[in-house]
Amino acid sequence: MNEMLRLLFERKSVRAYTEREISDCDKNSIFEAALQAPTAGNQILYTLLEIDDPHIKEELSRSCDNQPFIAKAPLVLLFLADCRRWFDCYRYAGAPCREPGVGDLMLACADALIAAQNTVIAAESLGIGSCYIGDILENKERIQSLLHLDRYVFPVTLLVFGYPTEQQKNRKKPKRFDVKYIVQKNTYRPLDEETLRRMHREQSEDANYDFDEKIRAFCKRKYMSDFSLEMTRSVREYLKNFEN
């Protein structure tokens, strides 16, 4: 296994960090790695916010499902799908153009997420851990006000970085589903009940794994949780700015 594959296989989410700061040199390498990611038409349809204001970091830790480690992270980056920058360029150049729509937003989200993953792998290569925070999609009004987000800017993902503690280094990475359940050929097909049950059973390392019990608990904790319902509400509100 080469070095790049090793990084991909060993990388795991890190939520506890040492007090060691990340140097400006390493930060810049992480930023530059983002810009080297594939991007639609070389447009770089995202803006990257480095959040180093302690007040804002604290607010984000509360609004993102009350996760204190966000405020303590040495580096906090917010990837924004930015449909404002090119729209303004078109206007300034006098180009006939339309308002940004949902298709533009989805393309910008793809750009932002590809760039975000580049920063994760770049950081990993430097010995710096990271964690994606999907909860940034919640509390639209609060986040928009806190960060002065434009109507054509959408917070795709929050990433926090830091040097992992020994406990985090030694923590086992959760087992993934087997590739045979995820990779399909040519056309999509839903997995039947028997296959889904087998897929989860094989992933679990619990000899007494109970599919019904585990899935019901997961559904309650994640899919039907207050934060998941709030996320759906907030995203729906963001999308209204692109419906034209």
Could [X] and [Y] be called an ion pair, given the rule that one side-chain N must be under 4.0 Å from one carboxylate O?
| X | Y | result |
| --- | --- | --- |
| Asp150 | Arg85 | no |
| Lys172 | Glu205 | yes |
| Glu50 | Lys27 | yes |
| Glu166 | Lys169 | yes |
| Asp53 | Lys57 | no |
| Arg197 | Asp212 | yes |

So, for [X] and [Y], which heavy atoms are closest and what is the spacing to 0.1 Å?
| X | Y | result |
| --- | --- | --- |
| Asp135 | Gln67 | OD2-NE2, 2.9 Å |
| Pro68 | Ser61 | CA-CB, 4.3 Å |
| Ser13 | Gln168 | O-OE1, 3.8 Å |
| Lys140 | Ser234 | N-OG, 2.9 Å |
| Lys12 | Asn170 | NZ-C, 4.0 Å |
| Gly101 | Asp104 | N-OD2, 2.7 Å |

Answer whether the closest heavy-atom distance between the side chains of [X] and [Y] falls below 4.5 Å.
| X | Y | answer |
| --- | --- | --- |
| Tyr46 | Leu35 | yes |
| Arg151 | Arg84 | yes |
| Thr47 | Phe79 | no |
| Phe69 | Cys131 | yes |
| Leu48 | Phe31 | yes |
| Asp192 | Leu196 | no |
| Tyr17 | Lys72 | no |
| Phe154 | Leu80 | no |

Examine the side chains of [X] and [Y] and answer whether a donor and an acceptor come within less than 3.5 Å of each other.
| X | Y | answer |
| --- | --- | --- |
| Asn42 | Thr39 | no |
| Ser145 | Glu141 | no |
| Gln117 | Tyr132 | yes |
| Arg198 | Tyr181 | yes |
| Glu19 | Tyr163 | no |
| Ser130 | Arg11 | yes |
| Gln203 | Asp178 | no |

Please determine whether residues [X] and [Y] belong to a single hydrophobic cluster, defined as Ile, Leu, Val, Met, Phe, Trp and Tyr linked transitively by side-chain heavy-atom distances below 4.5 Å.
| X | Y | value |
| --- | --- | --- |
| Val153 | Leu60 | yes |
| Val120 | Ile70 | no |
| Phe87 | Leu105 | yes |
| Leu149 | Ile51 | yes |
| Leu75 | Leu126 | yes |

Is it true that a side-chain atom of [X] and a backbone atom of [Y] form a donor plus acceptor pair closer than 3.5 Å?
| X | Y | answer |
| --- | --- | --- |
| Lys175 | Glu202 | yes |
| Lys214 | Ser204 | no |
| Asn118 | Ala33 | yes |
| Ser228 | Ser225 | no |
| Asp111 | Ala81 | no |

Got more than 12 heavy atoms from elsewhere within 6.0 Å of [atom1], [X]?
| X | atom1 | answer |
| --- | --- | --- |
| Glu243 | CD | yes |
| Lys222 | NZ | no |
| Lys220 | NZ | no |

- Task: Take the angle between the ring planes of His200 and Phe177 and call it parallel below 30°, perpendicular above 60°, tilted in between.
- Result: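 The arrangement is perpendicular - the two ring planes meet at more than 60°.
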- What is the ring orientation for Tyr90 with Trp86, classed by angle as parallel under 30°, tilted 30 to 60°, or perpendicular over 60°?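 The arrangement is tilted - the two ring planes meet at 30° to 60°.
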- Could you walk me through whether Ile128 and Ile30 pass the side chain to side chain contact (heavy atoms under 4.5 Å, CB included) check? CA-CA 10 Å; Ile128 300 168; Ile30 292 170; 4.3 Å; yes
- Message: Would Tyr223 and Phe218 count as a ring-ring contact (aromatic ring centres under 6.0 Å, His included) here? Give the steps.
- Response: CA-CA 7 Å; Tyr223 191 65; Phe218 190 87; 9.2 Å; no
- Thr119/Leu159 under side chain to side chain contact (heavy atoms under 4.5 Å, CB included): CA gap, chis, key distance, verdict: CA-CA 9 Å; Thr119 66; Leu159 268 168; 3.6 Å; yes
- Item | Worked verdict on Val76 versus Leu158 for side chain to side chain contact (heavy atoms under 4.5 Å, CB included) | CA-CA 7 Å; Val76 177; Leu158 188 68; 3.7 Å; yes
- salt bridge (charged side-chain N to carboxylate O under 4.0 Å, His left out) evaluation trace for Glu59 with Arg142: CA-CA 9 Å; Glu59 282 294 311; Arg142 189 174 174 183; 3.5 Å; yes
- Give, for atom CZ of Arg233 and atom CG of Asp226, the distance between the pair rounded to the nearest 0.5 Å.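 The distance works out to 12.5 Å.
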